[in-house]
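Data block below; observations after.
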Number of protein chains: 2
Amino acid sequence: MLLSKSTEYGIRATLYLTSLKQEGYVSIRDISDELDISFHFLTKIFQKLTQADLLQSFRGPRGGVALARPADQITLLDLVTAIDGPALFTECVLGLPGCGERKPCPLHEAWGPERDNLKALFENATLASMAADLETFDLRLKILHL
Amino acid sequence: MLLSKSTEYGIRATLYLTSLKQEGYVSIRDISDELDISFHFLTKIFQKLTQADLLQSFRGPRGGVALARPADQITLLDLVTAIDGPALFTECVLGLPGCGERKPCPLHEAWGPERDNLKALFENATLASMAADLETFDLRLKILHL
DNA sequence: TATATTTAAGACAATTAAGTCTTTAATTAA
DNA sequence: TTAATTAAAGACTTAATTGTCTTAAATATA
Ligand code: FES
Ligand code: FES
């Protein structure tokens, strides 16, 4: 699995939040209901994103969460690293400590560039661009019961 | 994390086994000692690889494990799928069921090709080519205590 | 045959990830 | 001021992964 469940949920939920284009705060309950994600679990994930200054939160009636900056200034890489940490983009694919040129593992030469591609993929995907695609191509963020 | 610990160990151990170029069987104990991997855990991983017909095993004195086919006919993709299953190369990166063109998620267009690259990377890496690199470039398979 | 060697198999424990529940704190509105 | 709403925090449970240990089965060799 490339991303943890937490990160999968975090991306889907933040993307949905973005797509609402709502002025004020959106309640976590609304988001968790809409995407069929456990409310309390999602709350914890959003707490991480709030602590990483990617989201703002507000308690009480009319409270909820909102993007902390414009949607074109938050990337999926921001979300992934805030939730799962940077390991995917820095660590040895074989789990050996100290990935680098000095004493590389047999996969380093092939994995290094691939890892950079992957990082670029997440870095180039802003919440704004993703939300635009979402509308344009009618993409899905939730499981479908067909 | 891209690969599970089991797969990381499985790749390192099989690569080491290949590099020995030994005629008969190599005991699992020798491999686990050399690479600092738990013997019993590695035994289980090798059992999966044996059941997938990538390795052959033999019990009793002078027993152990050996490649089931020539090293240029076993790829890292074979190892990964035998241990972790094919999910990494088939499933939606956001965890939504039924990754495909019919109702793609917002990352599908970018992730699809990237996933194919990743698959090609593992598919093009045979045990033979990796073992050759290992010699040529003095690469490492075990943690170093510098 | 008896003993030592080695993988197979499965029970078991420890750790981490995932998910649930309760209580607290902040805020609004009646 | 009181009650309702909502996120924060943390205890707790469950499930999956990782790791350890014991016993059984197969095999070679003395
Ligand atoms: S050392 Fe293994 S990927 Fe860099
Ligand atoms: S539907 Fe998400 S990657 Fe294909």
Side-chain angles (χ1 to χ4, degrees), chain A residues 1-14 17 22 24-68 80 83-85 87-88 91 94-95, chain B residues 1-14 17 22 24-68 80 83-85 87-88 91 94-95:
Chain A
M1 187 182 300
L2 188 73
L3 305 174
S4 68
K5 283 287 167 199
S6 292
T7 297
E8 289 178 2
Y9 295 161
I11 290 176
R12 287 169 55 206
T14 309
L17 168 64
Q22 191 166 309
Y25 294 95
V26 177
S27 89
I28 298 176
R29 176 71 69 180
D30 288 349
I31 300 173
S32 69
D33 280 354
E34 179 63 23
L35 298 184
D36 282 311
I37 299 171
S38 149
F39 165 72
H40 291 288
F41 196 31
L42 185 55
T43 293
K44 289 189 178 178
I45 296 166
F46 275 149
Q47 279 174 34
K48 281 195 182 180
L49 296 179
T50 301
Q51 284 156 12
D53 285 318
L54 300 173
L55 298 183
Q56 270 187 312
S57 67
F58 197 79
R59 290 198 262 201
R62 327 240 325 240
V65 290
L67 300 188
V80 173
I83 302 171
D84 268 353
L88 179 60
E91 298 300 306
L94 292 186
Chain B
M1 186 184 299
L2 188 74
L3 305 175
S4 68
K5 283 286 167 200
S6 291
T7 297
E8 289 177 4
Y9 295 161
I11 291 177
R12 287 170 56 207
T14 309
L17 168 63
Q22 190 167 309
Y25 294 95
V26 177
S27 90
I28 298 176
R29 176 71 70 181
D30 287 349
I31 299 174
S32 69
D33 280 354
E34 178 63 23
L35 298 184
D36 281 312
I37 299 172
S38 148
F39 165 71
H40 288 103
F41 196 32
L42 185 55
T43 293
K44 287 188 180 179
I45 297 166
F46 275 149
Q47 277 174 34
K48 280 195 183 180
L49 296 179
T50 301
Q51 283 156 13
D53 285 319
L54 300 173
L55 298 184
Q56 271 187 311
S57 67
F58 197 79
R59 290 198 262 201
R62 327 247 320 247
V65 290
L67 301 187
V80 172
I83 302 171
D84 269 351
L88 179 61
E91 296 300 305
L94 292 185

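Numbered from 1 within each chain, the chains take letters A, B, ... in sequence-line order. The analysis underlying the following values was restricted to heavy atoms, covering all of them including side chains, and did not include hydrogens, waters or symmetry mates.
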Is [X] reaching over with its side chain to a backbone N or O of [Y], donor-acceptor style, under 3.5 angstrom?
X       : Y       : value
B/Gln22 : B/Tyr25 : yes
A/Thr14 : A/Ile11 : no
A/Asp53 : A/Ala68 : no

For the pair made of [atom1] in [X] and [atom2] in [N], what is the distance, rounded to whole Å?
X       : N      : atom1 : atom2 : answer
A/Asp33 : D/dA7  : CG    : C1'   : 15 Å
B/Leu2  : D/dT17 : CG    : P     : 15 Å
B/Leu42 : D/dG19 : CG    : P     : 11 Å
B/Tyr25 : C/dT7  : OH    : P     : 11 Å
A/Phe41 : D/dT13 : CZ    : C1'   : 13 Å
A/Arg29 : C/dT20 : CZ    : P     : 11 Å
B/Ile28 : C/dA9  : CD1   : C1'   : 13 Å
B/Gln47 : D/dA25 : CD    : P     : 15 Å

Requested in this report: Would you indicate what A/Phe58 reaches in the nucleic acid, counting non-hydrogen atoms under 4.0 angstrom: base, sugar-phosphate, or nothing?
Outcome: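 Here A/Phe58 touches the backbone only, sparing every base.
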
Query raised in the report: How do B/Gly60 and B/Asp84 order along DNA chain D: which one's closest nucleotide is nearer the 5' end?
Result: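 Result of the comparison: B/Asp84.
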
Report task. With DNA chain D as reference, determine whether A/Thr43 or B/Met1 sits nearer its 5' end, using the nearest nucleotide of each. Result -> A/Thr43

Requested in this report: Let me see the working for B/Tyr9 and B/Ser32 under side-chain contact (heavy atoms from CB on, under 4.5 Å), right down to the final yes or no.
Outcome: CA-CA 9 Å; B/Tyr9 295 161; B/Ser32 69; over 6 Å; no

Determine: side-chain N/O of [X] to OP1/OP2 of [N], distance under 4.0 Å, yes or no.
X       : N      : result
B/Tyr9  : D/dT18 : no
A/Arg62 : C/dA29 : yes
A/Gln51 : D/dA9  : yes
B/Ser57 : C/dA8  : yes
B/Ser38 : D/dT20 : yes
B/Ser6  : D/dT18 : yes

Tell me if the side-chain of [X] makes a donor-acceptor pair with the base of [N], cut-off 3.5 Å, by modelled atom types.
X       : N      : answer
A/Lys44 : C/dT20 : yes
B/His40 : D/dT22 : yes
B/Arg59 : C/dT7  : yes

Query - B/Ser27, nearest nucleotide to its side chain (from C/dT20, C/dT6, C/dA8) - result: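 The nucleotide sitting nearest to the side chain is C/dT6.
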
Report task. Determine, step by step, whether B/Leu55 and B/Leu17 satisfy the side-chain contact (heavy atoms from CB on, under 4.5 Å) criterion, reporting the C-alpha distance in whole Å, the side-chain angles of both residues, the deciding distance to 0.1 Å, and the verdict. Result -> CA-CA 10 Å; B/Leu55 298 184; B/Leu17 168 63; 4.0 Å; yes

Query raised in the report: When rounded to the nearest 0.5 angstrom, what is the spacing between CZ in B/Arg29 and CD in B/Glu34?
Result: 14.0 Å

